[in-house]
Student: 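Here it is: the structure, laid out below.
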Number of protein chains: 4
Amino acid sequence: MGAVKTKRMPRAVREQQMLDAAVRTFGQRGYMAASMDEIAELAGVSKPLVYLYLNSKEDLFTACIRREAKALTEAVRAGARPGLPADRQLWSGLTAFFTHTARHPDGWAVLHLQARTHGEVFAAEIAAVRAEIVAFVTQLILAAAREAHRDPDLPEREVSGLAEALVGAAEALADWANATPGVTARQSAATLMNFAWAGLGDLMAGRHWTPPDDDTDGGIHGIHGGTGQVG
Amino acid sequence: MGAVKTKRMPRAVREQQMLDAAVRTFGQRGYMAASMDEIAELAGVSKPLVYLYLNSKEDLFTACIRREAKALTEAVRAGARPGLPADRQLWSGLTAFFTHTARHPDGWAVLHLQARTHGEVFAAEIAAVRAEIVAFVTQLILAAAREAHRDPDLPEREVSGLAEALVGAAEALADWANATPGVTARQSAATLMNFAWAGLGDLMAGRHWTPPDDDTDGGIHGIHGGTGQVG
Amino acid sequence: MGAVKTKRMPRAVREQQMLDAAVRTFGQRGYMAASMDEIAELAGVSKPLVYLYLNSKEDLFTACIRREAKALTEAVRAGARPGLPADRQLWSGLTAFFTHTARHPDGWAVLHLQARTHGEVFAAEIAAVRAEIVAFVTQLILAAAREAHRDPDLPEREVSGLAEALVGAAEALADWANATPGVTARQSAATLMNFAWAGLGDLMAGRHWTPPDDDTDGGIHGIHGGTGQVG
Amino acid sequence: MGAVKTKRMPRAVREQQMLDAAVRTFGQRGYMAASMDEIAELAGVSKPLVYLYLNSKEDLFTACIRREAKALTEAVRAGARPGLPADRQLWSGLTAFFTHTARHPDGWAVLHLQARTHGEVFAAEIAAVRAEIVAFVTQLILAAAREAHRDPDLPEREVSGLAEALVGAAEALADWANATPGVTARQSAATLMNFAWAGLGDLMAGRHWTPPDDDTDGGIHGIHGGTGQVG
DNA sequence: GATGAATGAGCATTCATTCAT
DNA sequence: GATGAATGAATGCTCATTCAT
């Protein structure tokens, strides 16, 4: 079932084969359910070699996380080139993101599902990468405000929350796209741009959605300062 | 260390104690790392009793998923009462959602993290619940369009994608709120309403964000039919 | 090969069976070469039960050491009753010692050979027991001096060294007796009494063997203050 | 961390480096806990070379035992030169023995601790060396008797037992000296001479310690034919 | 209703040993 | 002469699960 058994490869090559097998197995079975036996077999090597090169299951998983995280962030960074206006950066970054997650579903599963569910150590690894992305998106939001010559006038935490929401929405769409045949990366990106960007635009323009005073309030509410869109 | 050891309880009560212990253990350790020993001890009963009542680890986990899913959906449903306008329904549903996930972090971890990562069976269970919620949100979006007397003129899948994005953003915010001390349910809900609702409003009004023809395109793009918001 | 397979025994009984099997296996194979599989089989139980009761290989070995050390020291203590004169105490203590080591060769191997060779932890355990015995012998030597109304006039360390030598000789004789068919405990004890006690008597009487000034010295040497015994 | 990595050494030199590393590793870790990896690394060579030269772990250990046994017996033999009177021979032999064991603690550990605890083969190897030493000491005892113009009138086995006891005492003192800082070889040797030699002298003179008829005997006992020393 | 006693099966890890170069 | 690459075979340990009472 595994790769064709080729003997005597240089270490670097074997390591990549092992990581390939590990990402696939971890992505599909989960960290704990994946056995080193299965990984070794899929990689076409014996178990001791896996330990010789990757040290332990934990280290192997960490190596997977790091490799996949690096690949993902580099893909996104390569997509969102700094020269463009903020919305174009976001668009192309998202497209790169959805393209990458679609092409590497196991790697995405490792990052998004498995790494967060199997121990603080791995979760911390992921949290760091994710924080980086959220920070990047936060910068894009603020840049967009500047480009529109508007003062967002939003507290730090509010902007963070928006970025969190945007990233979370992207993650959910990536899962959804991977599970729904026929959805392209461009479509996912367009959906998210439509969903998020206009909302952000309104926010930048000072049009908030104001919550009612309390849960039983029946009074006036809605978008302030706007023209009464939606509800 | 678990519940006070009380003998001879009626079955229904014992079962709830076991489920409490199981949700807590599964939520914190994960499905595979949680041992039946630990759960039984935390529940204050012997292991055979757990098997007598809940049959197997798999069944026990399924029971946890079902109980927590039911509790969550009921909380949300109780929040979003049908009489209100769509945005108010969404607002109060979200508030109920964030309140519940904050109050039952282990249950939320079971649903959002663990159930999706440990086998098709559990993932399917979750997918069903989630689909129900996405459908509900989809209806809200369409209702909002109707209330605004506008034809969304959006393909079915596009609206589904929007709902997916909204739900995904909500999930991410729930995680974020649970991990960030001081964030209230109302704040999370407000952030999400601001983020999403205006964007949806624009969409309903026919103002899309149009993607460039391709990645290297330098031509005109942006929100069509609008007043040039944001970028 | 193991004990007759009897089902459902109370824990205390099973534990002793396991310790019996472990002492035998550790004594014959050594700590590292002994496998938990072998011990479990010899005890007539499954491996998990060994772990359930004894926790780990290390703990099992420690339990063996403690049990055997206790049995040995109690046997010696029971032999050397305090009321007797010092030489009689030593005689009966030694007899008890050789009797016990002959009857429990595996236990003796665990204590004398295995425990000292497999890690600081075990060695420390043994060292404590041994120190106790050496201290006991030291007291006997001093008591003998008092009984003979003589001032040993020996430095603390010198007496300790003598006690160490006596205990070491006893240990070697125990090994030798176990390996040489037909040697009884009484014979071993008599040999050691003859070997050691008179020498101690001379020492107490102030008759030392004086070392030459240096290795190449050809001058006078021998037992001082005595009648020129031996050489 | 091991020897400086020098390429292309003649075989004999390499082998000694390997044996050095092996003795150190076996002495400190024990036979089983020592890994060929560690030994090879400490020797500064690759593992296959160790196998090329020394064949197997067992052979390597045997080679260690032989080399260290030879070194020890040669050191002792060089110390105890045949021309001297018996007590001087014993004294200088013991001094050489304690000097050597103090200078080569790992070698001593291999011989005294490890080789006896890891399988019949190694134990037999050691037993042979030890028998040689015991025989040598036996000869010394008999020589001493002749020198004193006395007929030991002791059965063969009794003398062997005495020699065993003396050798065992020496071994215990070697361990004790290695574990107790500040004890010199001369001190150890003097302690043992004092302990043993006078006792032997008494024995030669026909003064035995006579065991009581049985353990509950309260009758007369003690050194017969002597002046009532000690007891 | 409840549990102490017990296990089959599996898993991460290690080690002595050998090729192919 | 010397080594990087590779593995078969154990071994300690854990876990879900089940009897017998």
Student: Within the supplied structure, the quantity of interest is the number of heavy atoms (other residues, nucleotides, ligands) at a distance under 6.0 Å from B:Arg67 CZ; does it exceed 12?
Tutor: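 More than 12 within 6.0 Å, yes.
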
Student: Whole Å only: how far is the CE atom of A:Met18 from the P atom of F:dA5?
Tutor: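 My rounded result for the distance is 10 Å.
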
Student: Could you tell me whether D:Arg29 atom CZ has more than 12 heavy atoms of other residues or ligands within 6.0 Å of it?
Tutor: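 Incorrect, the count does not exceed 12.
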
Student: Does C:Arg14 have a side-chain nitrogen or oxygen under 4.0 Å from the phosphate oxygens OP1 or OP2 of E:dG4?
Tutor: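 For E:dG4, neither OP1 nor OP2 has a side-chain N or O of C:Arg14 closer than 4.0 Å.
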
Student: Could you state the CE-P distance from D:Met36 to F:dT3, rounded to the nearest angstrom?
Tutor: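 After rounding, the reported distance stands at 15 Å.
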
Student: So what's E:dC15 paired with, Watson-Crick or G-U wobble, going by both distances under 3.5 Å?
Tutor: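 Here E:dC15 is engaged in a pair, and the nucleotide opposite it is F:dG8.
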
Student: Any donor-acceptor pair under 3.5 Å joining the side chain of D:Lys47 to the base of E:dT17?
Tutor: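 Answer is yes: a donor-acceptor pair is held.
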
Student: Kindly point out which of E:dT3, F:dG12, E:dT13 is positioned nearest to the side chain of A:Tyr51?
Tutor: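 Looking only at side-chain atoms, A:Tyr51 lies closest to E:dT13.
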
Student: Taking the six-membered ring for Trp, are D:His118 and D:Phe61 parallel (under 30°), tilted (30 to 60°) or perpendicular (over 60°)?
Tutor: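 Perpendicular, since the angle between the ring planes exceeds 60°.
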
Student: Which nucleotide in the set E:dA2, F:dA6, F:dA2 lies at the smallest distance from any side-chain heavy atom of D:Leu49?
Tutor: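 Given the options E:dA2, F:dA6, F:dA2, the side chain of D:Leu49 is closest to F:dA2.
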
Student: Report the distance from atom CD of A:Glu38 to atom P of E:dA12, rounded to the nearest whole Å.
Tutor: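 Going from A:Glu38 (CD) to E:dA12 (P), I get 10 Å.
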
Student: In this structure, how many angstroms lie between the C1' atom of E:dG8 and the CD atom of C:Glu41, rounded?
Tutor: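 C:Glu41 atom CD is separated from E:dG8 atom C1' by 15 Å.
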
Student: Separation of A:Asn55 atom CG from E:dT14 atom P, in whole Å?
Tutor: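 About 8 Å, once rounded to whole Å.
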
Student: Starting at CE of B:Met32 and ending at C1' of F:dC15, how long is that distance when rounded to a whole Å?
Tutor: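 Interatomic distance, CE of B:Met32 to C1' of F:dC15: 9 Å.
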
Student: Taking for each residue the nucleotide of DNA chain F bearing the nearest heavy atom, is the 5' side occupied by B:Pro48 or by B:Ala33?
Tutor: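 Final value for this comparison: B:Ala33.
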
Student: By nearest atom, which of the nucleotides E:dA5, F:dA5, E:dT7 is closest to the C:Arg11 side chain?
Tutor: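 Among E:dA5, F:dA5, E:dT7, the one nearest the side chain of C:Arg11 is E:dA5.
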
Student: Closer than 4.0 Å, any side-chain N/O of D:Tyr53 to the OP1 or OP2 of F:dA2?
Tutor: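 Answer is yes, contact under 4.0 Å.
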
Student: Taking CD1 from B:Ile39 and P from F:dA16, how many angstroms apart are they, rounded to a whole number?
Tutor: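 In whole Å, F:dA16 P and B:Ile39 CD1 are 8 Å from each other.
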
Student: For F:dT14, which nucleotide is its Watson-Crick or G-U wobble mate, given both distances must be under 3.5 Å?
Tutor: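 Check on F:dT14: paired to E:dA9, both distances under 3.5 Å.
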
Student: Other residues, nucleotides and ligands only: do more than 12 of their heavy atoms fall within 6.0 Å of CZ on B:Arg24?
Tutor: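 12 or below, so no.
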
Student: With the side chain of A:Lys57 defined as its heavy atoms from C-beta on, choose the nearest nucleotide among F:dA16, E:dA12, F:dG12.
Tutor: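 Selected nucleotide: E:dA12.
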
Student: Just the rounded figure in Å: distance from P of E:dA16 to CZ of D:Phe61.
Tutor: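 Value for this atom pair: 13 Å.
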
Student: Under 4.0 Å, heavy atoms only, any strand: does D:Ala34 hit a base, just the sugar-phosphate, or nothing?
Tutor: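 The residue D:Ala34 makes sugar-phosphate contact but no base contact.
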
Student: Looking at C:Arg66 and C:Asp59, does any basic side-chain N land under 4.0 Å from a carboxylate oxygen?
Tutor: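 No, C:Arg66 and C:Asp59 are not salt-bridged.
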
Student: Please compare D:Leu52 and C:Asp37 by the position of their nearest nucleotide in DNA chain F and report the one closer to 5'.
Tutor: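 Taking each residue's closest nucleotide, the earlier one in sequence belongs to D:Leu52.
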
